[in-house]
2 protein chains.
Amino acid sequence: MATPPRYRAIAKALRDEIIAGVLQPGAKLPPETRLVERFGVSRDTIRDATKVLIQEGLVERSGTGRGSGMVVRDRLMLVFHASYAEEPGAPRSEADSWATDVRAQGLDPSQDFTCINVVLPDDVAMRLGEPEGAAGVLRRCVRYVNGHPSSIQDTYYPIWLADEVPELRQPVDIVQGTTALLAERGHIQVGYLDHTSARMPSPDETSLLRVGPGTPVLLKIRTGATRHRVVRVTIEIMVGDTNTVEYEIGDISAIRIEGEPA
Amino acid sequence: MATPPRYRAIAKALRDEIIAGVLQPGAKLPPETRLVERFGVSRDTIRDATKVLIQEGLVERSGTGRGSGMVVRDRLMLVFHASYAEEPGAPRSEADSWATDVRAQGLDPSQDFTCINVVLPDDVAMRLGEPEGAAGVLRRCVRYVNGHPSSIQDTYYPIWLADEVPELRQPVDIVQGTTALLAERGHIQVGYLDHTSARMPSPDETSLLRVGPGTPVLLKIRTGATRHRVVRVTIEIMVGDTNTVEYEIGDISAIRIEGEPA
DNA sequence: CAGTGGTCTAGACCACTAC
DNA sequence: TAGTGGTCTAGACCACTGG
C-alpha cells in the first residue's frame, strides 16, 4: 500500500467524517486556516483536498465574503416520470405533469418559455429526418424548483410542422400541452425513443443551471413520432444528482412506489 | 463584463481550439512548460486551466513519465437497450443482450461475475420490501468493452429467493440468464421500474471503473417484480459519458434508429 | 538521462460581506 | 474591519518512463 499524497489523505479524513455523520448535510466545514493548523500542511494542500470533495459532489462552497464557507451538500432527489408524462390521451400536458410531480414532492415549480427560429443542430436534424442545415423551431423551457434552475428542455420541431401549427412559435406555455395541440391538428404521437446519458456541463449549462463543479448533468433525448414520421426532438438537460428519471415497463402493480429513489 | 481570471481565460482559449477542431480528439496538448511560455503565466496557473478542461471531460491526462501528456478525449458512445433487454420470452439473457449490443457496435465485450452473501443496503431492502438489515445475495457483474471497464451491475436478491433457486449463488454467468432461470422456477418477472440519475463517482467506483476526474457515472436502478412481488433490484453504474441507455415507448416504427445518439 | 506530470510550500494580493 | 474564499507566483522535489 503506497502512502497516498497528503491532500488525498486529508480528503479521505474529511470524507469519512461526512459519511460517518460527524459532519451532517448542511454543516459547515472548518475554514481553510483551521484545517491548515489541524493537518499541519500549507493552505494550497488543504485546498487541493477540499477540491477533491467538491469534485465528488459531497461539499460545495457557499456564499462569499465573511460568513461564507464550505458546507456538506444536502441533495434532494426529484423524480420525473418519463413513461406516462405524455401518454396519448393523458389528462394533462407534459409541463403540467412535471409541475404536478414537483408539487407532489412538496416543492414549488415554475417555468419560463422562449421560442426562436433556428438552424437545426446536426444531430437533431438527423433524428428528425431533415437534411443537415435545415431550419426549425426551438421551444425552450427552463424549469425551476423552489426558484432554483432544475432543468432545461429544448424541443425542436421541423419547419413544416411549425408552419402548419403556428402556435408552436408562441413563447408561452401552450395550455393543453404541445403534444395535445399537435394531436388536435392530426399529428398524434404514438411512439417515443429516449436516450439517456450523463456528462459534465458545458460553461453555458453551468451558468444556465447555476451548478458548481462536481455536478454532472443528466441528458435525456426524446424523439417523438406519429405513426408516419418523426415530429419533434426534445433534449432535456437536468442537474444530474438531484433529478431522477423514472420509467415503468410492463405490469408494475406488485411494486410499491416509493418517494425516495437513488 | 468582468474580466475572468487568467486561468479561466486560458481554459477558454484551449477549449475553443478543441471545439474548433484545431485540436482533434486524440491530439496531445502542448506540455505545461510550453503553455507557460505561450500564455506568460506560472505553471500553477496553467495547471488550474487544464484542470478546468479535465473537469469538463474534454481532456484527460494520459500515461506518466516521458511521452505522457494531456490529450483531447475521444468519446465513443455505447447504446444499451433497456426496454427490450429483458422482455419476458426474450431469446437471450440480459448479459447476452448486452454483449450483442456491444458487438453490433464493433467492439469487444467481456464480463466478470462474482457472488456474495450480504446484508441488504437500506435502500435496496426498501425496494425489495424486506426489513432493514435483512440478508440477501448480491451478484456483481463487471462489464468490459475492449478490455476497459464500462459498467458495474449489482443485482440483489432476497434470501428466500436464493434459497429457493440456489443457482443464484454461483459466481458464474447463468447460461439462460437469471431472468429466464427465475421464470423456469415460477418467478416470472412481468414489470420493471427503472430510476436513472447521474452523480460523480465515489473513490471505490473511480478505481473499479478506472475513470478519471471529469467523468460522471450514470446510475440505473431497476426493480423487477413478478405479478405478486418484487424479486430483485439491480443497480447499474455506468461510465456516464460513454454509455447511453435507450428506452422505446409505444409504437416507434416511424423512427429510423440510428447508431449514433447523444 | 531528459522530459513529462504530481505534489507541496510560503507567501502575496484581491473581492466580498457579516458584524 | 476582520474573516472568508479566489487567484497567482516562483520555486522545489518527486516518480515515472521513452529514447
Side-chain angles (χ1 to χ4, degrees), chain A residues 1-14 23 26-55 58-73 203 206-207 210-215, chain B residues 1-14 23 26-55 58-73 203 206-207 210-215:
Chain A
M1 201 58 173
T3 70
R6 326 242 316 237
Y7 79 96
R8 281 192 191 280
I10 294 166
K12 174 161 170 36
L14 294 172
L23 292 166
K28 239 166 95 167
L29 267 67
E32 292 176 349
T33 48
R34 195 97 55 222
L35 294 173
V36 164
E37 298 163 11
R38 172 169 158 198
F39 291 103
V41 295
S42 75
R43 187 179 158 225
D44 265 21
T45 300
I46 290 296
R47 284 178 68 76
D48 282 347
T50 54
K51 271 175 203 160
V52 170
L53 300 178
I54 289 170
Q55 225 252 334
L58 282 176
V59 161
E60 67 186 344
R61 305 206 185 275
S62 108
T64 166
R66 181 167 181 157
S68 67
M70 294 172 290
V71 302
V72 180
R73 286 184 59 182
T206 298
S207 62
R210 277 177 243 152
V211 292
T215 307
Chain B
M1 201 55 176
T3 68
R6 326 240 315 239
Y7 80 96
R8 281 191 192 281
I10 293 167
K12 174 162 168 35
L14 293 173
L23 291 165
K28 242 166 94 167
L29 266 68
E32 293 175 349
T33 47
R34 196 96 57 220
L35 294 172
V36 164
E37 298 162 12
R38 171 168 158 198
F39 292 103
V41 296
S42 75
R43 186 176 158 227
D44 266 20
T45 300
I46 291 296
R47 283 180 67 76
D48 282 347
T50 53
K51 272 176 202 158
V52 170
L53 301 178
I54 288 170
Q55 226 252 332
L58 283 176
V59 162
E60 68 187 342
R61 304 205 187 277
S62 109
T64 166
R66 182 167 182 159
S68 67
M70 294 171 291
V71 301
V72 179
R73 284 184 60 183
T206 298
S207 62
R210 278 178 242 151
V211 292
T215 306

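For the numbers below, each heavy atom of this structure counts, side chains included, while hydrogens, waters and symmetry mates do not. All chains are named by letter (A, B, ...) in the order of the sequence lines, taking the proteins before the strands, and each is independently numbered beginning at 1. What you are looking at is a predicted structure, and each value in this text was computed from that prediction instead of being measured.
- Considering only the side chain of A/R61, D/dG6 comes nearest among D/dG6, C/dT4, C/dT9.
- The CD-C1' distance, from B/E37 to C/dT4, rounds to 14 Å in whole Å.
- Residues that satisfy the side-chain hydrogen bond (donor to acceptor under 3.5 Å, both in side chains) test with A/T45, not counting sequence neighbours, are A/S42.
- Taking a 6.0 Å sphere around NZ of B/K51, one finds it holds more than 12 heavy atoms contributed by other residues, nucleotides or ligands.
- Here side chain to side chain donor-acceptor pair (under 3.5 Å) pairs that include residues 29-40 of chain A, with residues two or more places apart or in two chains, are A/E17-A/R38, A/E32-A/R43, A/E32-A/R47.
- Between C/dG3 and B/T33, no contact under 4.0 Å exists linking OP1 or OP2 to a side-chain N or O.
- A side chain to side chain contact (heavy atoms under 4.5 Å, CB included) with A/Y7 holds for exactly one of A/T50, A/V41, A/V52, A/D44; it is A/V52.
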Contact state string [nucleotides 13-18 of chain C, B base, S sugar-phosphate only, - no protein heavy atom under 4.0 Å]: ---BBB
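- The side chain of B/V41 lies closest to D/dT9 when the candidates are C/dT7, D/dT9, D/dT4.
- Taking every heavy atom of both residues into account, B/A11 and B/L53 meet most closely at O-CD2, 3.6 Å.
- In this entry the distance linking NZ of B/K51 with P of D/dC8 reads 13 Å, nearest Å.
- Residue A/T45 places no side-chain N or O under 4.0 Å from the OP1 or OP2 atom of C/dT7.
- Taking side-chain N and O atoms only, A/R6 has no distance below 4.0 Å to OP1 or OP2 of C/dT7.
- A close approach under 4.0 Å does not occur between any side-chain nitrogen or oxygen of A/S42 and OP1 or OP2 of C/dG11.
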